[in-house]
Amino acid sequence: VKGPTLFTGYWTLHARAADVTRDGWWWTGDVGYRDRFGRFYQLDRDVDTVITAQGPVYGLPIEEEALKLPNVVEAVLVSRELADGGSAAVMLFQMEPGAERAADAMLALLKANCLWAENVSAIAFTEDDVPVPRGLTGKVLKRVLRDTEVKEARETPSAQRVLEDA
């Protein structure tokens, strides 16, 4: 982003502004693309993109499709660190109270309905009565989920082989 109305930095955090500006351009951290008609699409934030051995996995289009699945209240894509230093894409679901939690079925349904989800390797579920953590702006705090929920995730048997030593 570049323009005359762009602010010059963060109040009392001058070093942070130096990290996100390059040659007068403001680097937003958004990942997206422009189609052949000139329309722009956002895929994810750079910090939330999961880099797997198969390539980058972008959360926004997967989360949007996952929210359309039956009985899903929240859907968040997070990264799970593997023992070899790599990462796996884990879809975390909060389901309606009493809804079935069949990880294999949810993963198959997600992949059948969303091309972007082909490299999601595991499904995890939150507890019904535990809200997904959010910041003051209402955004999901993915760093909190990575540190808590995903480490204790119930994975699909096929994903267990990928994540067993994580």
Side-chain angles (χ1 to χ4, degrees), residues 1-69 72-82 84-95 106-107 109-126 130-151 153 155 159 162-163 166:
V1 177
K2 189 174 187 176
T5 60
L6 194 62
F7 72 102
T8 57
Y10 295 102
W11 184 49
T12 71
L13 297 173
H14 305 293
R16 185 165 181 213
D19 291 341
V20 295
T21 55
R22 297 180 197 133
D23 298 323
W25 287 88
W26 178 263
W27 292 81
T28 65
D30 293 319
V31 178
Y33 68 95
R34 186 171 72 176
D35 70 10
R36 63 187 175 107
F37 300 108
R39 296 175 294 206
F40 289 91
Y41 297 89
Q42 183 177 5
L43 296 175
D44 209 340
R45 299 277 301 149
D46 186 53
V47 297
D48 294 328
T49 300
V50 180
I51 306 300
T52 68
Q54 296 79 28
V57 180
Y58 303 110
L60 188 58
I62 300 171
E63 292 166 356
E64 287 176 349
E65 289 302 316
L67 286 169
K68 297 175 185 176
L69 298 177
V72 173
V73 176
E74 290 279 1
V76 183
L77 183 81
V78 293
S79 174
R80 181 170 185 190
E81 190 175 326
L82 300 173
D84 66 3
S87 296
V90 177
M91 195 72 206
L92 181 64
F93 286 107
Q94 183 173 40
M95 305 297 285
M106 288 296 288
L107 185 58
L109 190 57
L110 180 63
K111 288 184 176 188
N113 288 289
C114 181
L115 179 64
W116 292 96
E118 69 180 331
N119 293 324
V120 173
S121 57
I123 299 292
F125 299 98
T126 66
V130 179
V132 172
R134 294 182 180 278
L136 294 174
T137 61
K139 292 181 183 178
V140 173
L141 297 176
K142 291 187 177 188
R143 68 181 180 280
V144 173
L145 293 172
R146 283 189 294 264
D147 294 341
T148 57
E149 297 290 340
V150 176
K151 289 181 181 175
E155 297 112 14
V162 175
L163 302 173

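Just so we're clear, the structure is a prediction, and the values are computed from it rather than from any experiment. Note that these values count all heavy atoms, side chains included, but never hydrogens, waters or copies made by symmetry.
In terms of the salt bridge (Lys or Arg N to Asp or Glu O under 4.0 Å) criterion, residue partners of Asp30 (sequence neighbours excluded) are, by chain and number, Arg45. The side chain to side chain contact (heavy atoms under 4.5 Å, CB included) check on Glu63 picks up Val76, Leu77, Met91, Lys142, with sequence neighbours excluded. Annotation: ring-ring contact (aromatic ring centres under 6.0 Å, His included) contacts of Phe37 (sequence neighbours excluded): none. Considering only residues two or more places apart in sequence or on other chains, Gln54 meets the side chain to side chain contact (heavy atoms under 4.5 Å, CB included) condition with Thr52, Asn119. For Trp26, the ring-ring contact (aromatic ring centres under 6.0 Å, His included) test picks out Phe7, Tyr10, with sequence neighbours left out. Qualifying side chain to side chain contact (heavy atoms under 4.5 Å, CB included) partners for Thr49, counting only residues two or more places apart in sequence or in other chains: Val31, Asp44, Ile51, Pro56, Tyr58.
For the atom pair OG1 (Thr21) and CH2 (Trp27), the distance works out to 11.0 Å, reported to the nearest 0.5 Å. For the atom pair CG (Leu115) and CD1 (Ile62), the distance works out to 9.5 Å, reported to the nearest 0.5 Å. Note that NZ of Lys139 and CG of Leu141 are 10.5 Å apart. Values are rounded to the nearest 0.5 Å. Leu145 contributes atom CG, which lies 10.0 Å from atom CD of Gln94 (distance to the nearest 0.5 angstrom). With rounding to the nearest 0.5 angstrom, the CG atom of Leu109 is 12.5 Å from the NZ atom of Lys68.
Inter-residue side-chain proximity for Val72 and Met95 is flagged as met; some heavy-atom pair is nearer than 4.5 Å. Put simply, the side chain of Met106 does not reach to within 4.5 Å of the side chain of Leu110, judged on heavy atoms. Residues Phe93 and Leu69 form a side-chain contact, since some pair of their non-hydrogen atoms from C-beta on lies under 4.5 Å apart. Using a 4.5 Å heavy-atom threshold, the side chains of Trp116 and Leu60 count as separate.
Taking each heavy atom of Pro61 and Cys114 in turn, the nearest pair found is O-SG, 4.0 Å.
Around atom CZ of Arg34, no more than 12 heavy atoms belonging to other residues, nucleotides or ligands sit under 6.0 Å away.
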